Amino acid sequence: MTQPPARFSPSPPPAAAPDPVLAGYRKSIDNIDAALIHMLAERFRITQAVGAHKAAHNLPPSDPGREARQIERLRALAVEAELDPEFSEKFIRFVIDEVIRHHQRAQGK
Ligand SMILES: C=C(O[C@@H]1C=C(C(=O)O)C=C[C@H]1O)C(=O)O
């Protein structure tokens, strides 16, 4: 027999019992995430100035040599810090690619 369509969404799962250890970890994660956002905002603020400078002086939006040196440096730092260097490369590549898009846009490309 087919069921009639449900009229109400299923009730949410019951609230978990308070876990102060997990809450403490999450407080720290929230602080770190906030710091990451602030650091990224500062990075994009300065790369925006770089983009304006490049546009004003007709410089290319990307600099593959500089990128390769940054990636190598950050991979080495990641190993030292016990962070996966592949992850560190993917992360900085993602950020740099976004910056390059901004620089291209600043030059109407
Ligand atoms: C910021 C620059 O422009 C681009 C973006 C980079 C970055 O986000 O680190 C690095 C090199 C360039 O491809 C730059 O040339 O320094």
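A quick note: this is a predicted structure, and the numbers were derived from the prediction, not measured. Just follow the structure's listing: the first ligand is 1, and inside any ligand the first atom is 1.
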Please tell me whether H102 and E98 have a donor and an acceptor in their side chains that are separated by less than 3.5 angstrom.
yes
In plain terms, say whether E72 and R69 are close enough for a salt bridge, that is, a side-chain N and a carboxylate O under 4.0 Å apart.
no
Are there any N/O pairs under 3.5 Å between ligand 1 and the protein, and if so, what are their distances?
{"residue": "ligand 1", "atom": "3 (O)", "partner": "K54", "partner atom": "NZ", "Å": "2.8"}
{"residue": "ligand 1", "atom": "8 (O)", "partner": "R43", "partner atom": "NH1", "Å": "2.9"}
{"residue": "ligand 1", "atom": "8 (O)", "partner": "R43", "partner atom": "NH2", "Å": "3.4"}
{"residue": "ligand 1", "atom": "9 (O)", "partner": "R43", "partner atom": "NH2", "Å": "2.8"}
{"residue": "ligand 1", "atom": "9 (O)", "partner": "Q70", "partner atom": "NE2", "Å": "2.8"}
{"residue": "ligand 1", "atom": "13 (O)", "partner": "D63", "partner atom": "N", "Å": "2.8"}
{"residue": "ligand 1", "atom": "13 (O)", "partner": "E67", "partner atom": "OE2", "Å": "2.4"}
{"residue": "ligand 1", "atom": "15 (O)", "partner": "K54", "partner atom": "NZ", "Å": "2.7"}

Could you report the tightest heavy-atom contact between I100 and S62, atom names first, then the distance?
CD1-CB, 3.5 Å
Report yes or no: does K54 contribute a side-chain atom to a donor-acceptor pair with the main-chain N or O of L59 at less than 3.5 Å?
no
Does the distance from a Lys or Arg side-chain N to an Asp or Glu carboxylate O, for D97 and R93, drop under 4.0 Å?
yes
Tell me, do H103 and K109 make a side-chain contact under 4.5 Å, heavy atoms counted?
no
